[in-house]
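Notes to accompany the following structure.
Naming convention: chains lettered A, B, ... in sequence-line order (proteins, then strands); numbering from 1 in each chain.
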Protein chains: 2
Amino acid sequence: MQVSFAVQVVLTRVAAQQDLSLTQLRLLGILRDRTPSMAAIADFLELDRSSITGLIDRAERRGLVARRPSPSDARVTLVEATAVGLELASRIGAEVGASIEQLLAGSSATARASIEKLAASLPQP
Amino acid sequence: MQVSFAVQVVLTRVAAQQDLSLTQLRLLGILRDRTPSMAAIADFLELDRSSITGLIDRAERRGLVARRPSPSDARVTLVEATAVGLELASRIGAEVGASIEQLLAGSSATARASIEKLAASLPQP
DNA sequence: TATTGTTATACTCTATAACTATA
DNA sequence: TATAGTTATAGAGTATAACAATA
């Protein structure tokens, strides 16, 4: 639990530096390599679909993402990161990586291996 | 990060089962063995003092905590868990412990030792 | 009929700024 | 003057229920 909270503090701090919430940070992470539907985003984040509407509204207002109609199903709206959003996502990814690395700075190779093994045993990410 | 999110999912689920937010869950955890001032709670949770007013209002409305004047300083309000709040905190503590234990079910003794060592190396909890 | 996304509504959580009561 | 707590206000995040458009 301590480890968990330490990581959350790191993520929250990195997000706050870019004036983002943890949810917006996770959204950008999802959009780095995908262009999911609203429903798919709700599934990823385990939120109700009605919550996604506002989330995407706010991200769109900031120019980080854009809505696009699905070519195959007129009911579906796809969401993609803009160039600005992708750039920010990339910057955040690097920052998070560095911060986690720093968190692990004092831990041995065997400790890291143990944690990786634990992570692998967890329910699907 | 995977480990961190897995723990957060556990905590959020346990809190939701009792119709509590993660913040209310943390509050109850704090009050298990303390009767802090409003300001001290703000420090623990790293939130603004104005946020604590509403947090305690809602917990008080649910009968989980009670405000009490400080005997030594008339400006200070102390917060203590009620019997109901303590009972709930205890139940939640057991539930969280069991869930984390389950999360670690497949991991070896050396893996656990590594994680404990990492936790010990982290900035003060 | 079932699914997708939105709207309307309500609540929690959080912060900033202004205020009061006390020290 | 400085500190503790509250209020007013604003915004993000979240859910439930009802709805329109499409499949």
Side-chain angles (χ1 to χ4, degrees), chain A residues 5 8-9 11-30 35-80, chain B residues 5 8-9 11-31 34-80:
Chain A
F5 275 113
Q8 297 292 314
V9 166
L11 292 178
T12 302
R13 181 172 50 70
V14 170
Q17 274 167 10
Q18 310 296 336
D19 200 35
L20 290 175
S21 70
L22 209 45
T23 305
Q24 298 276 352
L25 182 144
R26 294 177 66 198
L27 172 65
L28 284 183
I30 289 171
T35 301
S37 67
M38 299 290 283
I41 294 173
D43 289 344
F44 278 126
L45 298 178
E46 298 191 80
L47 298 174
D48 192 88
R49 289 178 192 187
S50 64
S51 304
I52 306 302
T53 299
L55 186 69
I56 300 302
D57 282 351
R58 293 184 288 273
E60 201 169 25
R61 210 179 302 141
R62 291 182 55 170
L64 302 176
V65 310
R67 282 177 167 91
R68 183 152 62 72
S70 164
S72 57
D73 187 332
R75 296 172 303 182
V76 171
T77 300
L78 302 177
V79 180
E80 63 183 351
Chain B
F5 275 113
Q8 296 293 313
V9 166
L11 292 179
T12 303
R13 180 172 51 69
V14 171
Q17 274 168 11
Q18 310 296 337
D19 200 35
L20 290 176
S21 70
L22 209 44
T23 305
Q24 298 276 353
L25 181 143
R26 293 176 67 198
L27 171 65
L28 285 182
I30 289 171
L31 298 183
R34 270 160 292 201
T35 302
S37 67
M38 299 290 283
I41 294 173
D43 289 344
F44 278 127
L45 297 178
E46 298 191 80
L47 297 174
D48 192 89
R49 289 179 192 187
S50 64
S51 304
I52 307 302
T53 298
L55 186 70
I56 300 302
D57 283 350
R58 294 184 289 273
E60 201 169 26
R61 210 180 303 140
R62 291 183 54 171
L64 302 176
V65 310
R67 281 177 167 91
R68 183 151 63 71
S70 163
S72 57
D73 187 333
R75 296 172 301 180
V76 171
T77 299
L78 302 177
V79 180
E80 64 183 349

If I take atom CG from residue Leu27(A) and atom CG from residue Leu64(A), how far apart are they, to the nearest 0.5 angstrom?
8.5 Å
Say you draw a straight line from CZ of Arg62(A) to CG of Leu20(A); how long is it, rounded to the nearest 0.5 Å?
5.0 Å
Ignoring the backbone of Thr53(A), work out which of dT6(C), dT22(D), dT16(D) is nearest its side chain.
dT6(C)
Tell whether Ser50(A) reaches the base of dT16(D) with its side chain through a donor-acceptor pair below 3.5 angstrom.
yes
Starting at CD of Glu60(B), measure out to CG of Leu55(B) and round the result to the nearest 0.5 Å.
11.5 Å
Rounded distance in Å - CZ (Arg61(A)) to C1' (dG11(D)):
10 Å
Partners meeting side-chain contact (heavy atoms from CB on, under 4.5 Å) with Ala39(B) (sequence neighbours left out):
Ser37(B), Arg49(B)
With distance as the sole criterion, do the side chain of Thr23(B) and the base of dT12(C) form a donor-acceptor contact below 3.5 Å?
no
Among the nucleotides dG5(D), dA15(D), dA23(D), whichever has the atom closest to the side chain of Ala39(B) is dG5(D)
Nucleotide dT3(D), atom P - distance to CG of Asp43(B) in whole Å:
13 Å
Can you measure Arg26(B) atom CZ to dT12(C) atom C1' for me and round it to whole angstrom units?
15 Å
Check the distance between dT14(D)'s P and Ile41(A)'s CD1 and give it to me in whole angstrom.
13 Å
Closer than 4.0 Å, any side-chain N/O of Arg49(A) to the OP1 or OP2 of dT6(C)?
no
Rounded to whole angstrom units, what separation is found between the CG atom of Asp48(B) and the P atom of dA18(C)?
14 Å
side-chain N/O Arg62(A) vs dG11(D) OP1/OP2, d < 4.0 Å:
no
How close or far is atom P of dG13(D) from atom CG of Leu20(A), stated in whole angstroms?
9 Å
Separation of Asp57(A) atom CG from dG13(D) atom C1', in whole Å?
13 Å
Grab the CG-C1' distance between Asp73(A) and dT3(C) for me, whole Å please.
8 Å
Quick one: label Ser51(B) by what it contacts on the DNA or RNA (base, sugar-phosphate, nothing), any heavy atom closer than 4.0 Å.
base
Does the base of dT3(D) carry an N or O that pairs as donor and acceptor with the side chain of Arg75(B) under 3.5 Å?
yes
Assign each of Leu55(A) and Met38(B) the nucleotide of DNA chain D bearing its closest heavy atom; nearer the 5' end lies the nucleotide of Met38(B)
Say you draw a straight line from OG1 of Thr23(A) to CD1 of Ile52(A); how long is it, rounded to the nearest 0.5 Å?
9.0 Å
